[in-house]
Q: 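After the structure tokens below, expect a handful of questions from me.
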Amino acid sequence: MAAAAPLSLLVLLLLGPGVWGQTDPPRDSLREELVITPLPSGDVAATFQFRTRWDSELQREEVSHYRLFPKALGQLISKYSLRELHLSLTQGFWRTRYWGTPFLQAPSGAELWAWFQDTVTDVDKSWKELSNVLSGIFCASLNFIDSTNTVTPSASFKPLGLANGTDHSFLRYAVLPREVVCTENLTPWKKLLPCSSKAGLSVLLKADRLFHTSYHSQAVHIRPVCRDARCASISWELRQTLSVVFDAFVTGQGKQDWSLFRMFSRTLTEPCPLASESQVYVDVTNYSQDNETLEVYPPPLTTYQDVVLGTRKTYAVYDLLDMAVINNSRSLNLQLKWKRPPGNGYIHYQPAQDRMQPHLLEMLIQLPASSVTKVSIQFERALLKWTEYTPDPNHGFYVSPSVLSALVPSEVAAQPVDWEESPLFNTLFPASGSSSHFVRLYTEPLLVSLPTPDFSMPYNVICLTCTVVAVCYGSFYNLLTRTFQIEEPSKGGLARRLANLIRRARGVPPL
Amino acid sequence: MADTCFLGQGCTTLVGLLLLPFGSLAASQIEDQAEQLFRSGHTNNWAVLVCTSRFWFNYRHVANTLSVYRSVKRLGIPDSHIVLMLADDMACNPRNPKPATVFSHKNMELNVYGDDVEVDYRSYEVTVENFLRVLTGRIPSSTPRSKHLLSDDRSNILIYMTGHGGNGFLKFQDSEEITNIELADAFEQMWQKRRYNELLFIIDTCQGASMYERFYSPNIMALASSQVGEDSLSHQPDPAIGVHLMDRYTFYVLEFLEEINPASQTNMNDLFQVCPKSLCVSTPGHRTDLFQRDPKNVLITDFFGSVRKVEITTETISLQPDSGIMESSYKKDLMDEELMEPLKYAEQLPVAQIIHQKPKLKDWHPPGGFILGLWALIIMVFFKTYGIKHMKFIF
């Protein structure tokens, strides 16, 4: 009996490795994608997406072997019984008017929302601990999240992953708008990727280029998804996204030619060896738009069409795992070039020089049919020197009218007869063709009232000052500096002697 | 007889001659052991680097702290052993013409921010309270590990502080100050709790020497960029960025540290001479009376570098991509299929459901505290006025 026990133990030990050999660790896979979208305003948006999918049920199994899925986040899910976690850190604002609709927009600052499992008893305590742990992982001040900036939405923010019940008491949402995103947040985000920043698409993630952008948003999304089409069991999906918009003005002086090297100062050399898919998509939906064609170099081997955000879009696909893509050159440097046919669009601008020459703006525009085109120029009112004002400055100053010279399609084709002899005004403009005629139109002159000083003020000031000086200062001066002397009245002079002569003649006593 | 005597003498001289080298060997061993006593007995290194100033024109304080961070990382201390506190963000500040960079030399020669930086306390988290909690270890348990100073009695800690200061205080973020007495008490708490083996304190502010005047715990060495009554001056502005990039003292300390590598034998006396008055305009000071070892025996790498246990191996391991996991898990899926019904995703905007849902009423809690006391008071007054016999009208 006693011998049988150790024997059975021994048998178990022998079977042990065999049993363990059959149960493999749950499989995980990585898919990395980069989508490059030229935007209507001439800027370029680049969106990275790294999806790590792990076929494991963290709640049920005791997991100790982490391969592609980062251990820091896996432990978070099991310790705080998370069902979903969404964290985003953003700098800037997505300008929908100029850039179109975004794939995934995030609020400026930090946003964190999470769904907890039904088994959690104290959701607020778990939420507070979760935000503290995340602040340590991502080097952000998420520890400032507390009851003063947390809400429980009751109707929106439904779970994005699998859900068998949506009791909103397990949802928490908080935003920190003052949060800054910088390299210290990108560094731990990059370290969660399986290939870190050494191979694959993450080689392009260099902080000095990614933060020199109009919009920078990085996010981490964790949720349970269906493992396969039958959807009988769950897998955990970690989706790391990073969206940036490169400013055409800042980085290229308005030119619209883009390349991977110009955007990221790096090129792609190899796919991540741990990735099962590694692809670059370029949005070529607006392949030809307004007589401009977008040329993508090197030419793509495949294209992909899909309905994205409600519109049909076409993408040029570059698969890094395909040997043909990076075979002749050791690196892949995608280039986007906008090619306009020559002579289509012309702008000449000569800025003004103060007191020397005026502004001159000449534009050749092709007006689309049945549309309204507005051309506007912003100006600032300057202060002139006081001698440059006209005697009636409050009338305003005139700006010369604009000139519109146009070729207007004719309704009725003109006969190209001997036009020198024709009456009326037909002969002023040489006929350019029978289908269109030339017109020159003028706008009204613009009357601008400039800031005008009050020209009567110098006279008023002089009068007032002189009065004050004369009355006040003058009186004091006189009182202080005038001395009084007694003077003998004068004894007269010539007039007195003449008068005495006449009085003596009359016999009257003298003066 | 005489032969044996002679032989004996020869033997003794021979033995004496043989003993001489042994004696010299023993003497050199004793010397080694004596030298061992003078070396530091630390097993790990920590660094706490603090920049206390906010606003764009204090760019130089952030650059100071980041240049010390860079040197310390380069000489071997890992991020997990560095607590970096920056009171404002200069790299991604909208006024920075080169985003994600912080430069220390003009003409943008050296970017001290780099690509791999982890800031533990940033922006509003840099307060006097948080700094003292980090030093003394009295941090709430929910704080993540990267924000703790987990030192023990065999740790050498480097503490670097920079910002605006005065005689006896250092300003934190333009809203509060830490005094030299508080700092000395914090260090004493650290000593009592055996949180450090040796401590090097460097401060680069105006009148910096006043901050180390009050220290009274053993094993502390302190350096400051200026004496009491003197201002620490900044080094050079960069016209493209528009602000002063570094302070003079830390600039010359950085230049000195750039020449140190993890194996160098430079000692503290060289660090004391780093910035003479001709370069720094202020007089840097130092204090070593609390330190037990002689500064000339203290290596720079005792504080700026790290003790690392490295084992070198020459075998190569080749990693193969494993393709064997592909089909093995399908068998498990087939087993589970009959047990579970398919799961589904939630609808993102179920309008009909939202319109008809009632807003969730808050759970009813019995009134407590103030309300209960108020009602008790009212009832007591009522019965005192009218007497208990009126209860029969109620019941």
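Proteins come first, then strands; the chains are lettered A, B, ... in the order of their sequence lines, and each starts at number 1. Just the heavy atoms: all of them, side chains too, but no hydrogens, waters or symmetry mates, feed the values below. Fair warning: this is a prediction, and the values are worked out from it, not measured in the lab.
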Q: Are B:Lys98 and A:Asp208 close enough for a salt bridge, meaning some N to O gap below 4.0 Å?
A: no
Q: If you count heavy-atom pairs under 4.5 Å with chain A, which of B:Tyr124, B:Tyr113, B:Tyr121 comes out on top?
A: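 Most heavy-atom pairs under 4.5 Å with chain A: B:Tyr113.
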Q: Heavy-atom count around A:Lys125 NZ within 6.0 Å, excluding the residue itself: above 12?
A: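 No, NZ of A:Lys125 has 12 or fewer neighbouring heavy atoms, counting only those of other groups under 6.0 Å.
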Q: Tell me, for A:Asn164 versus chain B, whether the close heavy atoms (under 4.5 Å) come from the side chain, the backbone, both or neither.
A: neither
Q: Which answer fits B:Asp115, side chain, backbone, both or neither, if we ask what part of it has an atom under 4.5 Å from a heavy atom of chain A?
A: both
Q: Below 4.5 Å from any heavy atom of chain A, which atoms of B:Ser146 appear? Answer side chain, backbone, both or neither.
A: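 Contact with chain A is through the side chain of B:Ser146 alone.
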Q: Please examine the side chains of A:Leu160 and B:Tyr345, heavy atoms only from C-beta on, and report whether any two atoms are closer than 4.5 Å.
A: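 In short, these two side chains do not touch, never coming nearer than 4.5 Å.
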Q: If you count heavy-atom pairs under 4.5 Å with chain B, which of A:Cys182, A:Ser197, A:Ser156 comes out on top?
A: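 So the answer, after comparing A:Cys182, A:Ser197, A:Ser156, is A:Cys182.
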Q: Looking only at heavy atoms and a cut-off of under 4.5 Å, which of B:Glu118, B:Lys147, B:Gln348 has the most pairs with chain A?
A: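 So the answer, after comparing B:Glu118, B:Lys147, B:Gln348, is B:Gln348.
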Q: So, for B:Cys92 and A:Thr183, which heavy atoms are closest and what is the spacing to 0.1 Å?
A: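 Closest heavy-atom pair between B:Cys92 and A:Thr183: SG-N, 4.5 Å.
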Q: Looking only at non-hydrogen atoms, find the nearest pair between B:Ala100 and A:Ala207 and report the distance.
A: CB-O, 3.6 Å
Q: With a 4.5 angstrom heavy-atom cut-off, could you sort out which part of A:Phe138 is near chain B: side chain, backbone, both or neither?
A: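 Neither part.
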Q: Using heavy-atom distances under 4.5 Å, tell me whether A:Val225 contacts chain B through its side chain, its backbone, both, or neither.
A: both
Q: Between chain B and each of A:Asn143, A:Ile137, A:Leu134, A:Thr166, count heavy-atom pairs under 4.5 Å; write down the option with the most.
A: A:Asn143
Q: Any non-hydrogen side-chain atom of A:Ser141 less than 4.5 Å from a side-chain atom of B:Arg122?
A: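 Yes. Closest side-chain heavy atoms under 4.5 Å.
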Q: Which distance, rounded to the nearest 0.5 Å, do you find between the CG of B:Leu86 and the CD of A:Glu184?
A: 7.0 Å
Q: Examine whether an atom of A:Lys128 lies under 4.5 Å from a heavy atom of chain B, and if so say whether it belongs to the side chain, the backbone or both; otherwise answer neither.
A: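 For A:Lys128, neither part sits under 4.5 Å from chain B.
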Q: Of all the heavy-atom pairs spanning B:Pro144 and A:Asn132, show the shortest one and how long it is.
A: CG-O, 3.2 Å
Q: Among A:His168, A:Lys190, A:Lys191, which residue forms the greatest number of heavy-atom pairs with chain B at distances under 4.5 Å?
A: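 Sorted descending by pairs with chain B, the first entry is A:Lys191.
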